[in-house]
Number of protein chains: 2
Amino acid sequence: MSSETAKKPKKKTPRRHGPAERPGPEGGKRAENRRRRLRAIERAGLELFLERGVESVTIDEIVGGAGIAKGSFYRYFRDKEDLVEAIMAPVAEGVTAALAKAEQVLDEATTEAQQRAAYFELAVALAQAFIANPDPVKLYLQEGRGPAVGARRPLRQLADRVMEQTVKLTRIAREHGLLRPFPARVSALAVIGATEQLTFRVLSGEDLGDLSKVPGDLISLVMDGLRP
Amino acid sequence: MSSETAKKPKKKTPRRHGPAERPGPEGGKRAENRRRRLRAIERAGLELFLERGVESVTIDEIVGGAGIAKGSFYRYFRDKEDLVEAIMAPVAEGVTAALAKAEQVLDEATTEAQQRAAYFELAVALAQAFIANPDPVKLYLQEGRGPAVGARRPLRQLADRVMEQTVKLTRIAREHGLLRPFPARVSALAVIGATEQLTFRVLSGEDLGDLSKVPGDLISLVMDGLRP
DNA sequence: GAAAACCGTGACTATTTAGTCAGCATATTC
DNA sequence: GAATATGCTGACTAAATAGTCACGGTTTTC
């Protein structure tokens, strides 16, 4: 508070989310309680975020839903943004890793079969990440286009990372002659957009018929188009 | 109030947005002031919503941005949701009308040429609505997947209407043999998703190369796919 | 099992916020 | 241009909210 230029909440962020600085104990009772509480907070937060939107949910509601005291929230998370980041961490890591892996494999691939296999692997890895974390994925789809300020920042940042990585992959695929020569950004965004919209509506309970057919239909649609 | 039995702010909504019930005057100075103020509020609100998200913006910030007193806001709008609805009205009407018109024309079309013309007209009408209201469209794309509660309700409702109408059109097109036989909802959502994502990123200032080529590329991509 | 480290609690403070309204200002009417 | 209708203002209230912290309970350590 010495220097002026009064920013309200400033960006002081020495440490980030996590149970606390996880002082020292062992793999015993404390660690167990910690895990339980952490999960309770994440679970309650996620449920409320999906129902009412990240920005409208208050810390009081979250602690109420988790059945803990308010002070405990602040032992585990710095603020709401921190909680969102924690909720998204598994998805963010899974998706980022899958995209990075695909890029690396593609760079080293020499045959078209290898290339196709890389894309197939990518699709499988993404599908696994989605299926393992449907609610966080829905939150991402629901709020991921918001401005990168406040509690939604982690969501928007993930969306931007996904876009950039996908553009890279698209560029590689195009250079390998696997795609028609549209600008890579255009192809990538169209594919992301179609995939995300379909995923969002499925996760919203929209009736899309036989769900097991959707992924195949999407790929067929994207690769060969809608024209009969 | 252990759980939630009563509605917090209730849904009392006797009248809706507008300058007021526009008492009586004429086409003179008062009406002029009214219009100016209305536009100032909408402009300030829209700018803040895009920058920081609908739910995070306060009424005080809006009146500050518009340069008016707080009481005046409430003369023109019931609350923030009401303002959002007003901001989106031109787009909502344009899009809804275009989709309804296309449905009607398609129902009466007898030749394939007429059908194709109807889709072309639709594309033109939608493009016009987008170009005439880029900021509201961006707001819709940014927040339109949020839950249909609070100030974002009008945005989500518009998104749902767009989806339903597009599904209808897709179904008609498919029955006319213009599309491959994917489930109509799947095709429709894929097209909407690709279109909206591309539009959102264009409006976010993303570099997509020659912008005049994007619509054509999108159509080509959707109709004939990415495969070379 | 006693001391020490750690943790959870919820009342509390300082802010922020939505919404109101009495009084002054401006436009319209005659 | 006086009388009246309408509109704008901003201080005010009540409610909500983020974040803190002293205290008492729990777990670990020795």
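One atom, CG of B:Leu83, and another, C1' of C:dA18, lie 14 Å apart when rounded to the nearest Å. B:Arg30 places its CZ atom 6 Å from the P atom of C:dT28, with the value rounded to the nearest Å. Counting to the nearest Å, the C1' atom of D:dA18 and the CG atom of A:Asp82 are 15 Å from each other. Between the NZ atom of B:Lys80 and the P atom of C:dA18 there is a distance of 6 Å, rounded to whole Å. Regarding A:Arg78, its CZ atom lies at a distance of 13 Å from the C1' atom of D:dA18, rounded to whole Å. Put simply, OH on B:Tyr74 is 24 Å from P on D:dT6, counting in whole angstrom units. To the nearest angstrom, C1' of D:dA18 lies 12 Å from CD1 of A:Ile62. Computed from coordinates, the A:Phe73 CZ to D:dT20 C1' distance equals 14 Å when rounded to whole Å.
End-to-end axis angle of the helix from C:dG1-D:dC30 to C:dC30-D:dG1, using five pairs per end and rounding to 10°, comes to 20°.
A side-chain hydrogen bond (donor to acceptor under 3.5 Å, both in side chains) check over residues 185-194 of chain A, counting only residues at least two apart or in different chains, returns the pairs A:Glu164-A:Arg185, A:Arg185-B:Glu206.
Of the possible polar contacts, none joining the B:Arg78 side chain to the B:Asp82 backbone as a donor-acceptor pair under 3.5 Å is found. Remark: the backbone N or O of A:Val54 is paired with a side-chain donor or acceptor of A:Glu143 at under 3.5 angstrom. Counting only distance, with no hydrogens or angles, the side chain of B:Lys70 and the backbone of B:Ile59 share no donor-acceptor pair below 3.5 Å. Within the 3.5 Å criterion, the main-chain N or O of B:Val57 finds a donor-acceptor partner in the side chain of B:Lys80.
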* Asked: Between B:Glu121 and B:Lys101, does a salt bridge (Lys or Arg N to Asp or Glu O under 4.0 Å) hold up when you go through it step by step?
  -> CA-CA 9 Å; B:Glu121 285 302 326; B:Lys101 176 83 184 304; over 6 Å; no

* To do: Let me see the working for B:Leu122 and B:Leu169 under side-chain contact (heavy atoms from CB on, under 4.5 Å), right down to the final yes or no.
  => CA-CA 10 Å; B:Leu122 172 61; B:Leu169 292 181; 3.6 Å; yes

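No hydrogens or angles considered: nothing links the side chains of B:Asn33 and B:Arg30 as a donor-acceptor pair under 3.5 Å.
Between B:Arg37 and C:dT26 there is no side-chain polar atom (N or O) within less than 4.0 angstrom of OP1 or OP2. Between B:Tyr76 and D:dC8 there is a side-chain polar atom (N or O) within less than 4.0 angstrom of OP1 or OP2.
Under the side-chain hydrogen bond (donor to acceptor under 3.5 Å, both in side chains) criterion, A:Gln142 pairs with no residue at all, not counting sequence neighbours. Every side-chain hydrogen bond (donor to acceptor under 3.5 Å, both in side chains) that A:Asp160 has, sequence neighbours left out, goes to A:Arg156, B:Arg201.
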Pairwise N/O distances under 3.5 Å, protein to nucleotides 10-17 of chain D:
from: D:dG10; atom 1: O6; to: B:Gly71; atom 2: N; distance (Å): 3.2

Please produce a list of atom pairs where a protein N or O lies less than 3.5 Å from an N or O of nucleotides 13-15 of chain C.
none

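The cationic group of A:Arg145 lies under 6.0 Å from the six-membered ring centre of B:Phe200 and within 45° of the ring axis, placing it in a cation-pi geometry.
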